[in-house]
Amino acid sequence: MLIRELLFAVAAATGTDSLSFEPCELRGSGRGSGVSAECFTVSVAEDWSRPQGNQITLRAARIPATQGDSERPPLLMIAGGPGQSALSSFVPHLRALRPIRQQHDIILVDQRGTGDSNPLVCPDAGMDSISVDEAAEHARDCLDRIGVDPRHYGTASAVRDLEVVREALGLSEWHVYGVSYGSRVALEYLRGSEAQVSSLTLDGVVPAEEILGPMLAPFAQRAVDRMLARCRDDERCRSAFPDLEGSLDRVMRRLGERDRPVRIRHPRTHEPTEVRLDRDRFAQMLRFAAYQPEMLALMPLKIHRAAEEGDWQPLAAQWLTLGESLDQTIATGMHYAVICSEDIPFLDEKDRIAQGNGFLGIDPLDLLIRICADWPVAEVGDQRWEPVRSDVPALLLSGELDPVTPPEWGEQVASQLSNSRHLVLRGKGHNVVHLGCVPFLMRDLLAGGEPGELDATCLDDMRPMPFFLDFSGPAA
């Protein structure tokens with residue numbers, strides 16, 4: 001331990017910033033125990049074209065390795081969103097990254113605009129709004145409230161920030177792990193700093209040449225279609241919910257005809273609470289359920305209860321939980337800063353047509369277009385659209401049922417990384433690093449294993465979560 005402390009003391013002394021490590025405890029958005037860490041801050045230029053101008057402070061943390069005096073390159077974890085805090089997002093990943101932490105320190109950096117790094121937070125930014133007009137109004141208020149130029153809060157600035165942190169730590173290289181939108185940041189970092197990347201792990205892969213948004217509805221529709229087909233093919237699910245597709249249509253139609261107030265006990269506080277369900281909220285609920293097949297396994301039961309028994313409480317409780325989770329985990333202003341500069345301006349008409357074919361309808365895309373109409377747009381260089389090519393050892397992870405970063409995107413990026421391995425986890429959704437033996441495969445990669453030689457047969461037996469036929473648990 002002493003050797004490692006001395007190494008970091010030297011690093012702090014020779015870096016571009018004077019680092020001071022303070023004991024801290026990282027906490028996620030929910031309840032539960034925290035994670036002990038060593039926190040530090042780094043100052044960077046808010047506008048990288050004016051390096052001597054206004055400075056902002058990035059909050060970062062180091063999770064020390066648990067065994068030995070590790071001299072191995074640490075692992076940098078980059079959170080998703082856009083808008084998630086890396087320091088908060090790490091807490092649910094603790095168990096998955098435990099095998100890696102045995103021999104590697106883990107470095108977390110709250111991306112500018114998130115967490116405690118000059119966060120662009122708008123508590124009432126419209127993610128729970130009932131109309132496009134209302135959401136757009138909330139977003140305009142958000143822009144006024146954050147009081148910064150959002151053009152300085154995109155992926156390119158975040159990548160430059162990471163280099164400042166690496167140099168401040170005195171590291172010649174580190175392993176890089178990006179989750180969802182974090183995979184875009186990781187790929188852009190690789191593009192500009194390949195020599196500093198020991199290995200790359202992407203979990204929920206976003207290709208550099210793709211934009212987030214236009215395939216949102218088609219991918220979500222595909223996830224729901226698979227749920228319906230799987231229930232039809234499952235004798236017990238088919239017997240319990242003999243007309244699931246009809247039940248889904250009835251729920252959609254009834255919520256489209258009128259909003260439905262539902263009184264429930266709050267799932268967390270148990271306080272009496274009224275939730276207003278409408279068609280759009282139900283559609284969003286269904287989409288986010290598809291991120292986690294465990295949640296999707298509950299949807300046939302909840303849909304059946306609402307449509308056939310008039311019991312809307314399970315759906316209302318799920319919406320309440322989802323809405324609070326989004327508010328607590330996403331810095332909405334930073335989310336818009338990225339999406340409005342790097343994605344929405346590049347939509348074309350065929351993208352809008354694709355949106356109209358699913359249960360989400362065209363509204364989600366209209367929502368983003370209306371919101372982004374009022375937000376300043378940063379210039380995005382042509383290089384942004386070029387695939388990232390590299391021979392750095394890379395492990396790419398996808399869930400077979402992921403409705404937002406599907407396996408096709410992982411395959412696309414794998415074809416551009418010459419020393420990569422793409423693993424698709426059967427029956428799983430978004431963000432899969434914690435499942436099965438994946439943490440050990442990632443550990444082996446960081447230990448110098450060749451991606452093509454990793455033994456992934458341990459994933460062969462993975463299956464989708466069985467459907468819940470009642471609320472006592474999934475069918476065995």
Side-chain angles (χ1 to χ4, degrees), residues 65 70-78 80 93 96-107 162 166 171-210 386-400 402 405-462:
S70 172
E71 297 184 21
R72 296 173 175 82
L75 173 70
L76 169 70
M77 174 180 157
I78 305 175
H93 285 74
L97 298 182
R98 185 169 294 156
I100 292 165
R101 190 188 166 194
Q102 289 177 349
Q103 299 294 338
H104 300 266
D105 291 350
I106 295 173
I107 305 297
L162 291 176
R166 183 190 62 77
L171 299 168
S172 59
E173 57 186 277
W174 50 11
H175 302 275
V176 175
Y177 165 47
V179 185
S180 192
Y181 162 73
S183 71
R184 174 188 288 178
V185 180
L187 282 168
E188 290 303 321
Y189 182 77
L190 177 68
R191 189 200 299 277
S193 305
E194 183 174 3
Q196 281 70 54
V197 179
S198 304
S199 75
L200 179 72
T201 301
L202 305 180
D203 182 6
V205 185
V206 181
E209 62 273 26
E210 296 288 347
E386 293 296 323
V388 177
R389 303 189 187 280
S390 170
D391 59 2
V392 163
L395 179 62
L396 280 56
L397 304 169
S398 299
E400 178 191 23
D402 188 334
T405 55
E408 298 96 295
W409 282 8
E411 206 60 37
Q412 187 174 329
V413 172
S415 70
Q416 298 151 4
L417 302 177
S418 61
N419 189 19
S420 66
R421 176 84 173 275
H422 180 217
L423 300 177
V424 181
L425 275 65
R426 188 183 309 169
K428 303 305 176 185
H430 190 61
N431 187 194
V432 297
V433 73
H434 58 287
L435 296 174
C437 61
V438 173
F440 299 97
L441 297 176
M442 191 174 167
R443 176 201 61 188
D444 294 346
L445 177 77
L446 268 63
E450 285 296 318
E453 297 177 359
L454 297 175
D455 182 4
T457 56
C458 49
L459 302 178
D460 291 347
D461 293 333
M462 280 199 165

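Residue numbers run from 1 in the order of the sequence given.
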I want to check something: taking the side chain as every heavy atom from C-beta on, are [X] and [Y] in contact at a cut-off of under 4.5 Å?
| X | Y | answer |
| --- | --- | --- |
| Thr201 | His175 | no |
| Arg98 | Pro439 | no |
| Leu395 | Leu454 | yes |
| Ser183 | Thr405 | no |
| His93 | Asn431 | yes |

Does [X] reach the main-chain N or O of [Y] with its side chain, forming a donor-acceptor pair under 3.5 Å?
| X | Y | answer |
| --- | --- | --- |
| Glu400 | Gly427 | yes |
| Ser193 | Leu190 | no |
| Arg166 | Leu171 | yes |

About how many Å separate [atom2] of [Y] and [atom1] of [X], when rounded to the nearest 0.5 Å?
| X | Y | atom1 | atom2 | result |
| --- | --- | --- | --- | --- |
| Glu210 | Glu408 | CD | CD | 10.0 Å |
| Leu202 | Ser420 | CG | OG | 9.5 Å |
| Asp203 | Met77 | CG | CE | 9.0 Å |
| Leu446 | Gln103 | CG | CD | 11.0 Å |
| Leu425 | Met462 | CG | CE | 4.5 Å |
| Leu76 | Gln196 | CG | CD | 12.5 Å |

Determine the minimum heavy-atom distance between [X] and [Y], stating which atoms define it.
| X | Y | value |
| --- | --- | --- |
| Glu386 | Arg191 | O-NH2, 2.8 Å |
| Leu187 | Ala208 | CD1-N, 4.2 Å |
| Leu445 | Pro451 | CD1-CG, 3.9 Å |
| Val205 | Leu397 | CG2-O, 4.0 Å |
| Leu396 | Ala414 | CD2-N, 3.5 Å |
| Gly410 | Ser398 | CA-OG, 4.0 Å |

| said: Could you go through Trp409 and Val206, starting from their C-alpha distance and side-chain angles, then the distance that decides it, and tell me whether this counts as side-chain contact (heavy atoms from CB on, under 4.5 Å)? | reply: CA-CA 6 Å; Trp409 282 8; Val206 181; 4.2 Å; yes

| When you look at Ser180 and His430, which way does the side chain to side chain donor-acceptor pair (under 3.5 Å) test go after all the steps? | CA-CA 8 Å; Ser180 192; His430 190 61; 3.0 Å; yes

| request: Using only heavy-atom distances, determine whether the side chains of Thr457 and Asp460 contain a donor-acceptor pair under 3.5 Å. | output: no

| When you look at Glu194 and Asp391, which way does the side-chain contact (heavy atoms from CB on, under 4.5 Å) test go after all the steps? | CA-CA 9 Å; Glu194 183 174 3; Asp391 59 2; 3.4 Å; yes

| said: As a quick check of understanding, evaluate side-chain contact (heavy atoms from CB on, under 4.5 Å) for Tyr177 and Val433, giving each step before the final call. | reply: CA-CA 10 Å; Tyr177 165 47; Val433 73; 3.1 Å; yes

| How far apart are the C-alpha atoms of Leu459 and Val438, what are their side-chain angles, what is the distance that settles it, and do they pass the side-chain contact (heavy atoms from CB on, under 4.5 Å) test? | CA-CA 8 Å; Leu459 302 178; Val438 173; 4.0 Å; yes

